[in-house]
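No experiment lies behind these values; they were computed from the predicted model shown. The chain is numbered in sequence order, starting from 1. Counting starts at 1 for both ligands and their atoms, in listed order.
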Amino acid sequence: MSSDAPVLKLYNTLTRVREEFRPLDPAHVRMYVCGPTVYDYAHIGNARPLIVFDVLFRLLRHLYGAEHVTYVRNITDVDDKINARAAERGISIRELTEGTNAVFQADVAALGCLPPSVQPRATEHIAEMIAIVERLIASGHAYAADGHVLFDVPSMADYGRLSRRPLDEMIAGARVDVAPYKRGDMDFVLWKPSKDSEPGWESPWGRGRPGWHLECSAMSWKHLGETFDIHGGGIDLVFPHHENEIAQTRCAFGHEAMANYWMHNGFLQVEGEKMSKSLGNFVTIHELLHTENFGGRKWPGEALRLAMLRTHYRQPIDFTVKALEEAEASLRRWSAQAGEASAEPGVSGDVLNALADDLNTPLALATLHELDGAALSGALKLLGVDLRAYVRWVEAQTREAVDVAKVSALIESRLAARAAKNWAESDRIRDELAAMGVALKDNKDGTTTWEVKR
Ligand SMILES: [Zn+2]
């Protein structure tokens, strides 16, 4: 890290304060973020952590060097929701998870997110999960009962440190799964038996499958080690998911911490209401990009990303059509401004300082209007807002809207007019096409090619 770089401060859910970020190993910064359960398309609430932690990934790469940062985001491809959905649709689990993951990867790319360093799949880490369960049983933190293995919550003296929930609330939350094999109300499943029709793996406790929390403990261990720097996710994951990840990893490996910094993005609402299927305001990223289901039109991924970054990641966000329109207006303005820049983009100190202050993206965006073309490009690159991708999107939309048959017919007429030396008619047709957004190029061999202009 260079000496003139700003001090990175991050709000840590574990301590409830903004702390200076000190990686365990400055030559290898390690971050884990909970990824999707690939049973259905990701919704715009899921888009928020993808974008927020991508900005953090970019910032860490900028500060420590791209080759010194490892970002792991898992793919949960074994889960009861997956089993249920595959059965409902009459397809195999493999077909469901592969198809959903392909759409997810296309969605995140459209949002301008860099691929994480590693995207481990849960089904490829079953051996690590079994190893963690065995360690927990050996150290007295877990017990097998009735084909299940449960984590013994009272065996961990400081369980609940992350969420700081009152005990009765945690018990009430855990009581959702009442089962005769549980010793304590709060004990949670590490491993459970699978029926023949369900996916399962051989284990010391019979054929079964992992609990969701265990998957993240196994994948972070495999790819980042027993203790690492940053663990991220949505605020809704604090309890029980992250609390249970911490319990498993700490008790399996005997360390004070699973990760030193726990970061959580705030909730997302749509047009002032909680997003839900029953309210009819449930929007997937895929729909927003490829259909006219939100605000009656398609939106570029860059507008979605920018609309998200206008709110600080810890604040609740109200996602609206108006916010997307405003974001797109900024993109249009910046494209015109940055298009003229030729210099190598640098990153302004103001933008870097804002981001280093617990990812203050609204402040970083507010400083952009003071920047010239090259500095603007550099700042937007660090925020992951790709103006060239936006311009390509606009051109593709315009091309889609052009009637190709009509363009071809007009070009034929114009060639005929030129052959007859009727220059006035030739010019008139050129103007008509220009009004449609079509620019002509007359080639030396007498042919005419065309392209769509913004
Ligand atoms: Zn997780």
Side-chain angles (χ1 to χ4, degrees), residues 12-14 30-40 42-43 45-54 56-57 70-82 97 100-101 104 108 113 116-126 128-129 131-133 136 151 153 156 159-163 165 170 173-174 177 188-192 209-253 255 257-267 313:
N12 190 351
T13 307
L14 202 54
R30 290 163 286 166
M31 172 165 78
Y32 185 91
V33 175
C34 298
T37 299
V38 284
Y39 75 105
D40 203 349
H43 57 68
N46 304 134
R48 197 172 189 197
L50 297 169
I51 294 167
V52 164
F53 292 105
D54 180 67
L56 179 58
F57 182 38
T70 301
Y71 170 25
V72 178
R73 188 181 64 216
N74 70 292
I75 295 165
T76 289
D77 59 353
V78 50
D79 188 275
D80 289 353
K81 287 198 282 277
I82 293 174
T97 56
T100 310
N101 184 46
F104 175 78
V108 282
C113 297
S117 321
V118 192
Q119 293 197 71
R121 287 163 185 251
T123 51
E124 289 166 4
H125 296 76
I126 302 292
E128 286 81 3
M129 296 176 205
I132 290 177
V133 176
L136 291 172
F151 186 90
V153 170
M156 184 187 189
Y159 178 86
R161 240 173 66 187
L162 180 72
S163 57
R165 288 198 174 196
M170 291 200 288
D177 291 318
F188 58 89
V189 168
L190 299 169
W191 189 265
K192 57 188 165 188
R209 61 191 191 281
W212 172 42
H213 315 307
L214 181 63
E215 300 179 7
C216 286
S217 283
M219 288 183 272
S220 59
W221 172 41
K222 171 75 182 285
H223 298 281
L224 298 175
E226 296 175 4
T227 302
F228 51 93
D229 299 304
I230 300 170
H231 193 310
I235 189 88
D236 53 319
L237 295 185
V238 172
F239 184 85
H241 184 55
H242 289 166
E243 203 73 84
N244 292 351
E245 279 188 36
I246 291 173
Q248 294 159 164
T249 299
R250 282 187 51 207
C251 292
F253 302 110
H255 299 296
M258 175 187 189
N260 286 331
Y261 303 86
W262 287 79
M263 294 177 64
H264 296 96
N265 62 272
F267 283 114
Y313 78 93

(message) With a 3.5 Å distance limit and no angle check, can you tell me whether Ser217 reaches the backbone of Glu245 through a side-chain donor-acceptor pair?
(response) yes
(request) State plainly whether the residues Asp40 and Lys81 are in salt-bridge range, i.e. N to O under 4.0 Å. (result) no
(message) Using a 3.5 Å distance criterion without hydrogens, assess whether the side chain of Arg48 forms a donor-acceptor pair with backbone atoms of Phe267.
(response) yes
(message) Treating Gln248 as the side-chain partner and Ile132 as the backbone partner, does any N or O pair qualify as donor plus acceptor under 3.5 Å?
(response) no
(request) Scan side-chain atoms only and decide if Asp54 and Tyr71 contain a donor-acceptor pair under the 3.5 Å cut-off. (result) no
(request) Not counting sequence neighbours, which residues clear side-chain contact (heavy atoms from CB on, under 4.5 Å) with Asn101? List them please. (result) Val38, Ile75, Phe104, Gln105, Arg121
(request) Keeping waters out of it, list the protein N, O or S atoms under 2.8 Å from the Zn ion (ligand 1). (result) Cys34 SG, Cys216 SG, His241 NE2, Glu245 OE2
